[in-house]
Amino acid sequence: MTRSPEVGDRISVMYHDGEIQGIFLTEDQDFLFLKLDSGYNTGISKKRIEATKVLQGKKEEIENNEKVVVDRGKGISVLSTGGTISSRVDYATGGVKPSRKMDSLYSEEMSKVHDISVHFKVVSSILSENMSPDLWVSVAGEVRNALDRDKGVVVFHGTDTMSYTASAIAFMLEEQTGTVVFTGAQRSPDRPSSDSYVNIEGSIKFASIQSGEVGICMHSGLSDDSVNLLRAVRSRKMHSSRRDAFKSMEYPEIGLISSGKQVYFRQERKASERNVVRNRLEPAVGLIFFNPTLSPEDVDQFAENRKCIVIMGTGLGHVAQRLIPTLREIIRGGTRVVMSTQCISGIVDMNVYSTGRDLLDAGVLHFGNILPEVAYVKAMYVLANYPDDEFEIRMAENMRGEILGRNHEVGNLE
Amino acid sequence: MTRSPEVGDRISVMYHDGEIQGIFLTEDQDFLFLKLDSGYNTGISKKRIEATKVLQGKKEEIENNEKVVVDRGKGISVLSTGGTISSRVDYATGGVKPSRKMDSLYSEEMSKVHDISVHFKVVSSILSENMSPDLWVSVAGEVRNALDRDKGVVVFHGTDTMSYTASAIAFMLEEQTGTVVFTGAQRSPDRPSSDSYVNIEGSIKFASIQSGEVGICMHSGLSDDSVNLLRAVRSRKMHSSRRDAFKSMEYPEIGLISSGKQVYFRQERKASERNVVRNRLEPAVGLIFFNPTLSPEDVDQFAENRKCIVIMGTGLGHVAQRLIPTLREIIRGGTRVVMSTQCISGIVDMNVYSTGRDLLDAGVLHFGNILPEVAYVKAMYVLANYPDDEFEIRMAENMRGEILGRNHEVGNLE
Amino acid sequence: MSNPENLKIGLEIHLQLKGEKLFCRCSTELSEEVRGSVWRKLRTVSGEMGITDRAAVYEGERNRNFRYEITPNSCLVELDEEPPGRLNPRAMETALLVSLGLHSRIADAIQVMRKIVIDGSNTSGFQRTALISSGGFIESGSGRIGISSVCLEEDSARKVQDGPDSILYSLDRLGMPLLEIATDPDIKTPESAAEVARDIGFLAKEISMLRRGADSIRQDVNMSIGYGRVEIKGVSKISQILEVVRYEIARQIAIGKAVATLKSRIEGEYPPVSSRSLGNLRAISKSKKLADAQNSGMEIRGGKLPGLKGLLRSGDMRLGREIAEVLRAFGIGGMIHSDELPGYGLEQEDLQELSGFFACGADDAFFIIAMPKDRSRSPDGVITDRIRKMASLDLSETRGPTDAGETYFLRPLPGRERMYPETDLPIVVPDPAVIRKLGERTPVGMAKFVSNFANTNNISSQDASTIADKDLITEFGLLKDAAGDARLAVRILLQTIPEMSRKSRRQIDVQTVGELLTLGRNNGWPKYALENAVMVLFNTGRPPEEIAKMEDVKPITGEELRKTIDQLRKDGKVSGNNLIFVLRKSTSRPFDPSEAMSLVANLN
Amino acid sequence: MSNPENLKIGLEIHLQLKGEKLFCRCSTELSEEVRGSVWRKLRTVSGEMGITDRAAVYEGERNRNFRYEITPNSCLVELDEEPPGRLNPRAMETALLVSLGLHSRIADAIQVMRKIVIDGSNTSGFQRTALISSGGFIESGSGRIGISSVCLEEDSARKVQDGPDSILYSLDRLGMPLLEIATDPDIKTPESAAEVARDIGFLAKEISMLRRGADSIRQDVNMSIGYGRVEIKGVSKISQILEVVRYEIARQIAIGKAVATLKSRIEGEYPPVSSRSLGNLRAISKSKKLADAQNSGMEIRGGKLPGLKGLLRSGDMRLGREIAEVLRAFGIGGMIHSDELPGYGLEQEDLQELSGFFACGADDAFFIIAMPKDRSRSPDGVITDRIRKMASLDLSETRGPTDAGETYFLRPLPGRERMYPETDLPIVVPDPAVIRKLGERTPVGMAKFVSNFANTNNISSQDASTIADKDLITEFGLLKDAAGDARLAVRILLQTIPEMSRKSRRQIDVQTVGELLTLGRNNGWPKYALENAVMVLFNTGRPPEEIAKMEDVKPITGEELRKTIDQLRKDGKVSGNNLIFVLRKSTSRPFDPSEAMSLVANLN
């Protein structure tokens, strides 16, 4: 064959002192990459190449594209939005990218759930750092449709912003007939050690228990023997890579599956008779992290064109005094300012210190121990779905378990 | 007496159906506050007041202003910068404010440390949310002077930004002859239950052990029986109100004092022969928290006039793809962009996902598992004290234990 | 004994309110569970005015550690790990209603205060308390008694275990809302004090917000007969008020007499007491009590008490007890003094040997104590101070009640400086409009309430009074609604339920009884059948819905009853006036005896 | 037995490198401590090309769980909880140097690959491996042998405990840098294979980066005599290479013979084996082994093996073993077959009964196995597949070595599809300038190195060869510097230390010996005193600085020695040639015998 090599061709690369044969994988400006017969990939400097020859055309990839539907009637909907859990190796960059082609990636897991049908649907295929409020709205619609049809819903999602999306769905789903479980993977499913398999199996089990919860199901520890369900609006990704990265902040896990058996499921939020979605979100909400060099100008610019900004303040909810006049102006201009804490755990209480009182006086709002990211998502929901003058009262209302009333389970006593 | 009432006067307030006597405390636009003979404070609506009369002039406050110095030669310097630990009740707002007048607040604690001199100095009296890089520089100078004179140094500081200040001091102190211990209080010292007493006692003990550490000493649990020393550059305030709010992230505590006895002190960073301070910081560094509505304009504006911005990205260090062109432009314009993770724990590794690789390609830098706030402080230090072209290599260098080499002590296995 | 003319009594009534705690959303319901514990130190700190409180210093000197059990109804607020949440609005409403009922002037702006209490009963080292209203009065049987204040406070932690160096508390009670109503010292007799306490307590019962259970009502009794103010803390029963006031009167009079004698013996300031170690004295080893103490590592000390012979314990002279009480508060138990000798294994000759050893004169007494060797502080000052206090006849102090109706030394009276603002909470400004609205629900006092209550429900004043006094107003309302009949409700509430719980040894709550009554009434059962069903409920312990379906509880009436009686007659079982007896034997279903009787009459 | 002419041997030499692990900064040093464990599942996944690997599927079917012990030298990377860190630069440097020494062409761009290994020996389910260079050769005693590749790999987890359903691994070894050097199949004899292995190993020794200890060097031997490629994994000693190759040759020749016979009996494809339960057969109960298995809940099954009589075990016919090995890999141990009977408690009559039961013809054999009742999969397929594989004479598979120098079935040969890129790591591009610089340090091979080494240090080739072979180059350098004399260093290293450790039962590291020598040399001690001090070091176990101060180790020389001898002579103790003996008895300090002799001579 004399045509120029295409990805997948078996080629021969000649250079001044030898020849290498292999399957042409990719090239960048300096190197051409081959897969050798030994299985190794190697890069050849283009400067050294004298000629290339196609030895054999590309082998057709073996398709194994059976549809992952185990149909035994009304069951569980699995919606894939993307993320590592639905990723394949990207040979171009060597990275991992979400795929629309789920192949038989999880057919084994689906079929393990013997007594329930699983309906699979790919609704998007993006890495979760690219999720945005408009996509949350479309996921909410898909979830509602799935709940109308099935017992419960599992959503595949990238772990990076999973808490944000799951919280948004929790708020938008005003009433729900079944459990909605977000799950993801910290190790991509191309690896035999991927956590996705155990997470999916557990998620389907949780989703098949009827409740009014929107939760996140991931590993509860480093072993593959247990997964737990965390309430979305109290959960946070607390480690960049561990499979037990998600933690429920100051609130106990809702459910636990250990060694394949359901250990418990606390029925706190009951299922409704019907599914009601308020599928509007106000995207003009921002989240800003206070730190010692944050300037009044930074805050002022950040608040511009926003209806609400959530500040991650220090301690009980403080920022430097120098910012207070600016915040007062911003609030006078009609932008809501909500205080949260960069400590993540613990309450915001601005009555304790003089800075807090000055902030209250300036009109800064605070809502107990709601998590910063959840306050931010909730503000989008409240602004879009309630009259403007109800903002404060709605934000203060514990809608989905996001504000801990008897907060502060004492927890770790050491 | 016919003069108008002054705060502290014993007065009589007449209204149409009665009279109240008490000590005049304060007033705002609606109410006048008295301390009654029963000890209770009560507010009287000004609208109801017909007349007031001064019964007795203000009692002089009992001064108890002994200097808290227990001098037995070379010992420990205690520098007070402000914060709750050095706060008194502010009768004007009812809040708590740091004071320059330390009175005999801690004389008992100082005298309990039988075998060492304690030299007390008030260097500032501000709430820590008002701390800023220029104040860090002056604290560094005070610490250096104190180390030249004494064995070790204890710094009283508000807890809100204690990790920032302590990290800045850790970087600026290039060499140190003794241990520097930051301490504070989560309960103000006007309360019998204040944690400050136990924290101070422990801090003085830690400071009297010679080492090259800059640490934070606070309660290790909810009981008053143990305090620990955490390495400043690995510590973070993780709860807004608990007395054990400070945690060492993915790194074991350096020292532990339990029931008044030193349980251990791991000697990892040794003391030097002399004290060297590089007391310059570049304040044009910013810290920004990525979230789903952060816009290219936000980032662009935030980077303006800054030499470096540290992003708290998601997961292993990601932001939405839409921000990447802007970041590329910012970096081309000469601003350094450093990626950290809002997960707080775990490494930043931008080789794993395509977003990360695109960010690397745009010139975004990452430095393992350094904490976001510490990366931010370190960037100020490196920019001010090293040649511009050494920025990346210095940031990647583990200067004070801020980057975990054998990262990731496995920790909690559950 | 008649009451002294100058007797003045004031009361502080503490009433626990039910629902949620005062500054967090934890429940006031208790449970047995303990979820671990933490331990704490408390440190004496300067008060608002820069002066440290006497009582606080006293506790601080004792240097104890405190351990707190965490219960399901406690959170970071009780643990002093989080600022208080907003003041419980239901508790505030109750406080305002009680203030209205007491004609007390509600403050324009309410400042929550911190009252320093460092005996460990508050994890924070202070109790939060707010003055809701001041002034006012209550009309009691003994006339109009002035009210000085109505406050809303946090209840303290419950003491579980006491030790010389540490105390164990439970957090379950800490933070419960406590309504504190203080009267002026207008009360002239112990009997009147008890009556006033009962009347005030009733005001809160009217609002139906009182928590029940042990400790839910406690009174502090302030009293004086001219020797300074004595505050008796924590009298839990109203009958006990009588006892402790009577005891205290007798105590103070006796001290007065003893001091008169002492002053005749010693002029001017009482000399400082000075004790010495008695380690080698032969007499010590003869007393098993003392020898045991010595063997367990205690030091035996003793000293002369000039001029106190016969005043320590003899007739109504009991100064020895006064001294022993303060020593006990300092952790030194078991003082022996010469008025008690011979005794404790010591004979006359030992008494003489000891008198000689201490160089006692004719009027002098001596004391012997055992104290831990590591106590750095000598007890001499404590004893000297105590005797001088007695001699000054300013007996003011805080005392506690015993179960036997006596009192004992607790601590000095706290001073005014103990309070400063709770800085973590904003000022509360009661809305005048809200107060006006609450006015419609102002409690009216026991007498008026009972008569209204009897009239409204058409029940006897006697029953109304019992229901009100036993705080069963809510329960009555519930049963009345369920049974559809006030008198039946009274009967079931005051007779059936108490009797059946005693017999069946089952506690079944009024709610459940009400459910059963509702089910029965929906089935159209007559009263006697409803009452019968309640008995079956207690006897079987089955759930109401099951009982309502049981054959046995269905009333037998009309045609069915007639047929049954007819059959019995045909069987020759009914003869004359044994009908009811025979019927009861033949069916376990309820029937109306008078209906049965009239049926028999008709059949005849 | 002479070697078959068509014997082809290729080697894969695995050398552990010391320092830090390949993708994290954990140490390669081991410790006893275990810090807890985690357990994991591994799942078969599609490879890069969409085809699942044979070996991987095989492991996946076994469905085992894996538990991993966390050691102080493991972190989140070994736990598969964090992406790998950058490739260890020291390990890379070593790999480049070895490549240079083997004339192997270093890749322009190196891509770290993931090699699927789901036997649990890698927590990730794959081993990271990178092709550093390919091609090249080594000159060995048997001529030039081609090198196919030099790779840098992670070592696998160390197996601690094996079970049918789960395996326990330690993470201590996982991730250690492993240099893999593969030769072409150019080697013609087992002896030559051993020689080549030694020569290649030496290249790494020259760079002094080899880790020591158990497992630190392992060879995989690939060989063929025309019946397919057999890979013998993990031969740890070089002498074992010889043994396993000889064994494997014999095994394959024997199979060839057996198959020839089998083919003469059965034409075409071997019929499927079909087993049945033997639960009720009388013969079973006669065999203690089988009865015990049955009593412990196992099922006893058996079946006919057509045409295999006498081929299972008889002379060099050993097909029975071939079958038993695969069964064992499936968790079924202990097959009994008819060639072994009578035996196992079964007598001739039982053999006949069983033959009848299975309806065996004259050439037919049978087998009996015990298997767990819950095994869903029948063993019949496994047995059939195995016999068909033998019959095909494609014997290619992966085998393991035994301590006795034999081999056993491990798993099928892995296919090419098992590798795909390690996506968490960037491409490594070796800098040509750095490689040029490394060229100056290219290892030169054993022969050249030894001769250079002997010349440079002025020691015998024999000693140089021993030092090189025992990997003591660093130690020699250290002692030479300390003692200031190469020959003394050789003597201490190769004689004194081994001898003294044996005698004193003390292990003292060369570092410590060096410290003592330095101290002695600073004191100006002559050689014999230095050597003596080392002996004292071993005998006493005291630290060097103490030994250097001991009186006994100071040499006695010159005037002092003269005086001592003089005194001994005066005492009449020295007579003729007993001088050295007497001197040794009179002082424990070292001296130079020749100096003593010459002193005596001078005195005389």
Side-chain angles (χ1 to χ4, degrees), chain B residues 8 15 17-18 20 23 25 28 30-33 35-48 59 61-64 87-91 93-96 103-105 108-109 186-198 221-225 239-245, chain C residues 37-51 56 59-60 65-67 70 76 79-83 105 107-118 122-126 129-131 134-135 148-149 151 182 414-427 429:
Chain B
Y15 45 95
D17 59 349
I20 296 185
I23 291 166
L25 292 174
D28 62 19
D30 299 320
F31 300 99
L32 181 152
F33 285 89
K35 175 172 280 294
L36 306 180
D37 292 348
S38 62
Y40 282 97
N41 294 9
T42 195
I44 302 157
S45 171
K46 284 183 173 172
K47 285 179 289 193
R48 299 205 297 120
K59 272 192 201 160
E61 196 167 321
I62 292 155
E63 286 287 340
N64 197 358
S87 282
R88 294 176 71 83
V89 173
D90 169 7
Y91 293 104
T93 63
V96 161
D103 300 326
S104 57
L105 211 48
E108 196 181 311
E109 280 59 41
Q186 287 280 72
R187 301 279 91 75
S188 54
D190 61 277
R191 308 159 75 108
S193 61
S194 174
D195 52 336
S196 61
Y197 306 109
V198 175
L222 295 189
S223 286
D224 283 337
D225 62 347
H239 195 281
S240 63
S241 67
R242 282 170 64 139
R243 53 192 79 197
D244 61 348
Chain C
S37 69
V38 300
W39 82 258
R40 294 284 169 76
K41 292 176 177 174
L42 291 177
R43 188 180 182 283
T44 322
V45 290
S46 296
E48 183 182 16
M49 293 300 179
I51 302 159
E59 281 295 339
N65 296 321
F66 307 107
R67 188 171 279 279
I70 299 163
L76 289 183
L79 276 167
D80 189 47
E81 291 289 356
E82 187 170 280
R105 201 177 47 74
D108 300 336
I110 295 167
Q111 164 90 68
V112 179
M113 305 295 288
R114 297 172 169 175
K115 192 194 284 186
I116 295 283
V117 182
I118 62 162
N122 288 70
T123 44
S124 56
F126 49 71
T129 175
L131 178 67
S134 43
S148 48
S149 64
C151 296
R416 172 171 75 76
E417 304 79 16
R418 72 218 281 246
M419 280 207 224
Y420 70 109
E422 168 50 86
T423 52
D424 296 350
L425 291 165
I427 302 288
V429 178

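Only heavy atoms go into these numbers, but all of them, side chains included; no hydrogens, no water, no symmetry mates. In this text, all values refer to a predicted model and were calculated from it rather than measured experimentally. Lettering of chains follows the sequences in order, A, B, ..., and the numbering in each one begins at 1.
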Subject >> Proximal component of C:T129, with respect to chain B [non-hydrogen, under 4.5 Å] >> reply: both
Subject >> Euclidean distance, C:W39 CH2 relative to C:N65 CG, rounded to 0.5 Å >> reply: 4.5 Å
**OP:** Can you sort out the partners of C:D80 under salt bridge (charged side-chain N to carboxylate O under 4.0 Å, His left out), two or more places apart, ordered by chain and number?
**Re:** B:R191, B:R243
Subject >> Per-residue contact mode, B:Y40 against chain C (heavy atom under 4.5 angstrom) >> reply: both
Subject >> C:R67 versus chain B, the contacting section by heavy-atom distance below 4.5 Å >> reply: neither
Subject >> Segment of C:A182 engaging chain B (4.5 angstrom heavy-atom cut-off) >> reply: neither
**OP:** Name the option with the most non-hydrogen atom pairs under 4.5 Å to chain B; the candidates are C:P426, C:C151, C:S149.
**Re:** C:C151
Subject >> Interatomic distance, C:R40 atom CZ to B:D195 atom CG [nearest 0.5 angstrom] >> reply: 8.5 Å
Subject >> Most chain B-contacting option - heavy-atom pairs closer than 4.5 Å, from C:A130, C:P83, C:S148 >> reply: C:A130
Original post:
Of the backbone (N, CA, C, O) and the side chain (C-beta and beyond), which part of C:S124 lies under 4.5 Å from a heavy atom of chain B, both, or neither?
Top reply: both
Original post:
C:V429 versus chain B, heavy atoms under 4.5 Å apart: side chain, backbone, both or neither?
Top reply: side chain
Original post:
Relative to chain B, which segment of C:I427 carries a heavy atom at a distance below 4.5 Å: side chain, backbone, both, or neither?
Top reply: side chain
Subject >> Options B:S240, B:S194, B:S241, ranked by heavy-atom pairs under 4.5 Å with chain C, top entry >> reply: B:S241
Original post:
At what distance, to the nearest 0.5 angstrom, does CD1 of B:I44 lie from CD1 of B:I20?
Top reply: 4.0 Å
Subject >> From CA spacing to verdict: side chain to side chain donor-acceptor pair (under 3.5 Å), B:S188, B:D190 >> reply: CA-CA 6 Å; B:S188 54; B:D190 61 277; 2.4 Å; yes
**OP:** May I ask you to decide whether C:D108 forms a salt bridge with B:R48, counting only side-chain N to carboxylate O separations under 4.0 Å?
**Re:** yes
Original post:
Salt-bridged, C:E81 to B:R242, with N to O below 4.0 Å?
Top reply: no
